[in-house]
Amino acid sequence: MSGPELAEAGRLLAAARRPVVFTGAGMSAESGVPTFRDAQTGLWQRYDPQELATPAAFRADPALVWGWYEARRRGVLRAEPNPGHRAVAAIAARLPDTVVITQNVDDLHERGGVAAPVRLHGSLFAPRCSACARPTPLPSDLPPPADPPEPPGGPEPQIGAEPSGGPESPDGRLTPPACADCGAPVRPGVVWFGEALPEAALSAAVEAASGCDLLLTVGTSALVHPAAEIPLVAARLGAPVVQVNPVPTPLDAVCAVNLRGPAGEVLPALVRAAWPDAG
Ligand code: BV8
Ligand code: ZN
C-alpha cells in the first residue's frame with residue numbers, strides 16, 4: 001500500500017502522542033480467525049453467531065454453546081498473531097500512552113506484544129461459573145483435534161438435545177465443566193448479546209477515546225453497540241480518525257483517512273510511513 005492516503009495517515013500517526021487503536025474481527029482475519037461476518041464453517045454453519053452468543057442459547061443448550069466456544073478457543077490456539085498485531089505493538093512501544101481497545105475475544109493482541117488491551121467483549125480464556133461467577137481454570141489444553149467431520153447423514157442436531165457421547169461429540173457439543181463451588185455450569189468469559197459490557201473496560205475505553213489525539217479503527221464493521229460508539233466519541237471531540245478496512249463501513253463519514261486494505265499489510269506500511277527509520 002502507498003499513496004497520498006497512507007502518507008497522510010503516517011503524518012497523523014507521527015504527530016500523535018495519545019493514540020487509540022480500536023480493533024474488531026478483521027484484525028485477526030489474516031491469522032485464520034473467522035470474522036463474525038464470515039459464514040460459519042463445518043458444524044457451526046447451521047447457526048447464526050448472534051443467536052449462539054446469547055444467555056438464552058446457553059440456557060437452552062449449554063453443551064452446544066460451550067462446544068462452539070471451545071472450538072473457537074482451539075482455533076485461536078492454532079492461530080498466530082499476524083504482522084498487523086505486531087504493528088499495533090510497535091505503535092504502543094513507540095508511543096507509551098497508546099491505548100489498544102478490542103472487541104475481539106482472541107488473545108492475539110497479547111501474543112502480538114500488546115500487554116493489556118482494553119477488552120470490551122471479554123475473552124475466550126477467562127471462563128467463569130454461570131451462577132456464582134467464580135473464575136474457572138481452563139480445561140487442560142488438549143492438542144486441538146481437527147474440526148469433527150460432518151456426521152454422515154446424521155440426524156439434524158436439535159437445540160436442547162443431549163450431547164451425544166464423549167467429550168468431543170460428533171455434533172460439536174461439549175458438556176461445560178461444573179463449578180467447583182456451586183456446581184452450576186461454567187460459561188465462557190465473553191459478553192453475550194443483551195449483556196452489559198464490563199463497566200471498567202467500557203469507561204476506560206470512553207475515557208481513552210475522549211482524550212486521544214488520533215483514533216485508528218481496524219477491521220470492524222462498527223455495527224455492534226455500544227462498542228461502535230467509541231470511534232464516534234473521538235471524532236466528536238475533534239480527534240482525527242483513520243480507518244483500516246478493505247470495504248466501506250458506517251465509520252467512513254467520520255474518518256480523516258480511509259485505508260482500504262487488509263490490516264496485516266496496511267498497518268506495517270502505516271508504521272513505516274510514520275517512522276521511516278522503523279525498519
Ligand atoms: C447490550 C463477544 C444491553 C461474544 C460480542 C444500539 C443500536 C442497535 C443495537 C443495539 C444498540 N445497543 C445495544 C444493541 C444490541 C446489541 C447490538 O449491538 N446488536 C447489533 C448486532 C445490532 N448490543 C448488545 O447486545 C450489547 N449489550 O446492549 O446490553 C444492556 C445494557 C445494560 C444492562 C444490561 C444489558 C453487547 C454486544 C456484545 C456482544 N458480544 N462478542 C463472542 O465473540 O462470541 S460482539 C462480536 O460481534 C464481536 O466482539 C464484535 O463486537 C462483533 C463483530 O463485529 P466486528 O468485530 O466488527 O466483526 P465483523 O465480522 O462484523 O466485521 C469484520 C470487519 O472486518 C468487516 O468490516 C470486514 O470488512 C473487515 N475485515 C475483514 N478482513 C479484514 C478486515 N479488516 C482489516 N483487515 C482484514 N484482513
Ligand atoms: Zn459457581
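Below, each value reflects all heavy atoms present in this structure, side chains not excepted, and no hydrogens, waters or symmetry copies. Indexing begins at 1, ligand by ligand and atom by atom, following the structure's order.
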| query | Should you measure from each heavy atom of Val247, which atoms of ligand 1 turn up under 4.0 Å away? | reply | 69 (O)
| task | Given side-chain hydrogen bond (donor to acceptor under 3.5 Å, both in side chains), test Ser28 with His109 step by step and report yes or no. | result | CA-CA 9 Å; Ser28 298; His109 273 307; over 6 Å; no
| remark: protein heavy-atom neighbour closest to atom 79 (C) of ligand 1 works out as Gly26 O, 3.3 Å
| Do Arg173 and Asp61 sit within salt-bridge range, that is, some charged N less than 4.0 Å from a carboxylate O? | yes
| task | Mark yes or no for whether Ser130, through its side chain, and Pro185, through its backbone, hold a donor-acceptor pair below 3.5 Å. | result | yes
| query | Are side-chain heavy atoms of Val76 and Val33 found at a separation under 4.5 Å? | reply | yes
| message | Between Val191 and Val224, is there shared hydrophobic-cluster membership here, with clusters defined by ILVMFWY side-chain heavy atoms closer than 4.5 Å? | response | no
| Looking only at N/O atoms, are Thr220 and ligand 1 under 3.5 Å apart anywhere? | yes
| request: Give a yes/no verdict on whether any heavy atom in Arg72 is under 4.0 Å from an atom of ligand 1. | output: yes
| said: With heavy-atom distances below 4.0 Å as the criterion, list the atoms of ligand 1 near Glu30. | reply: 78 (N), 79 (C), 80 (N)
| Cluster check Leu267, Val99: I/L/V/M/F/W/Y, side chain < 4.5 angstrom | no
| query | With hydrophobic residues grouped by side-chain heavy-atom distances under 4.5 Å, do Val105 and Trp192 end up in a single group? | reply | yes
| query | When clusters are formed by joining ILVMFWY residues with side-chain heavy atoms under 4.5 Å apart, either directly or through shared neighbours, do Val20 and Leu12 land in the same one? | reply | no
| For Gly24, the ligand 1 atoms whose distance to one of its heavy atoms is below 4.0 Å | 56 (O)
| Should Val257 and Val254 be regarded as members of a common hydrophobic cluster, given that ILVMFWY residues are connected when their side-chain heavy atoms come within less than 4.5 Å of each other, either directly or indirectly? | no
| said: With a 4.0 Å cut-off on heavy atoms, is Ala227 in contact with ligand 1? | reply: no
| task | Quick one: do Gln243 and Asp252 satisfy side-chain hydrogen bond (donor to acceptor under 3.5 Å, both in side chains)? Show the steps, please. | result | CA-CA 7 Å; Gln243 176 168 230; Asp252 278 43; 2.9 Å; yes
| task | Kindly say whether Glu80 contributes a backbone atom to a donor-acceptor pair with the side chain of Ser31 at under 3.5 angstrom? | result | yes
| Quick one: CG on Leu259 to CG on Leu216, what's the gap to the nearest 0.5 Å? | 8.0 Å
| said: Within ligand 1, which atoms have a heavy atom of Gln50 less than 4.0 Å away? | reply: 21 (C)
| message | Out of all atoms in ligand 1, which are within 4.0 Å of some heavy atom of Leu223? Include the element for each. | response | 18 (O), 20 (C), 22 (C)
| message | Can you report which non-hydrogen protein atom sits closest to atom 40 (N) of ligand 1, along with the distance? | response | Val191 O, 2.7 Å
| request: For the Zn ion (ligand 2), check which protein N, O or S atoms are under 2.8 Å away and list them. | output: Cys129 SG, Cys132 SG, Cys179 SG, Cys182 SG
| said: If you measure every N or O of Pro226 against every N or O of ligand 1, does any of those distances drop under 3.5 Å? | reply: no
| task | Please determine if Pro262 has a nitrogen or oxygen closer than 3.5 Å to a nitrogen or oxygen of ligand 1. | result | no
| remark: protein heavy-atom neighbour closest to atom 66 (C) of ligand 1 works out as Asn245 ND2, 3.8 Å
| request: Return the residue, atom name and 0.1 Å-rounded distance of the protein heavy atom closest to atom 10 (C) of ligand 1. | output: His225 CB, 4.1 Å
| message | Could you tell me, atom by atom, which parts of ligand 1 come under 4.0 Å of a heavy atom of Gln103? | response | 48 (C), 49 (O), 50 (C), 51 (O)
| task | Give the residue and atom name of whichever protein heavy atom lies nearest to atom 59 (P) of ligand 1, and the separation in Å to one decimal. | result | Arg37 NE, 3.3 Å
| query | Under the 4.0 Å line, does any protein heavy atom show up next to atom 1 (C) of ligand 1? | reply | yes
| task | Measure the CG-CG distance between Asp97 and Asp213 for me, rounded to the nearest 0.5 Å. | result | 9.0 Å
| said: Could you tell me, atom by atom, which parts of ligand 1 come under 4.0 Å of a heavy atom of Ala25? | reply: 55 (P), 56 (O), 58 (O)
| message | Run the side chain to side chain contact (heavy atoms under 4.5 Å, CB included) test against Ala56 and tell me which residues pass, sequence neighbours left out. | response | Thr54, Arg59
| query | N/O of Ala53 under 3.5 Å from N/O of ligand 1, yes or no? | reply | no
| field | Protein heavy atom at shortest distance from atom 27 (N) of ligand 1 | value | Glu195 O, 2.8 Å
| field | Under 4.0 Å to a heavy atom of Tyr69 - the qualifying atoms of ligand 1, by number | value | 4 (C), 42 (C), 44 (O)
| task | Check Val88, Val100, Val244, Thr102 against Met27 for a side chain to side chain contact (heavy atoms under 4.5 Å, CB included) and give me the one that passes. | result | Val88
| request: Provide, to 0.1 Å, the distance between atom 64 (C) of ligand 1 and the closest protein heavy atom, together with that atom's residue and name. | output: Gly219 O, 3.5 Å
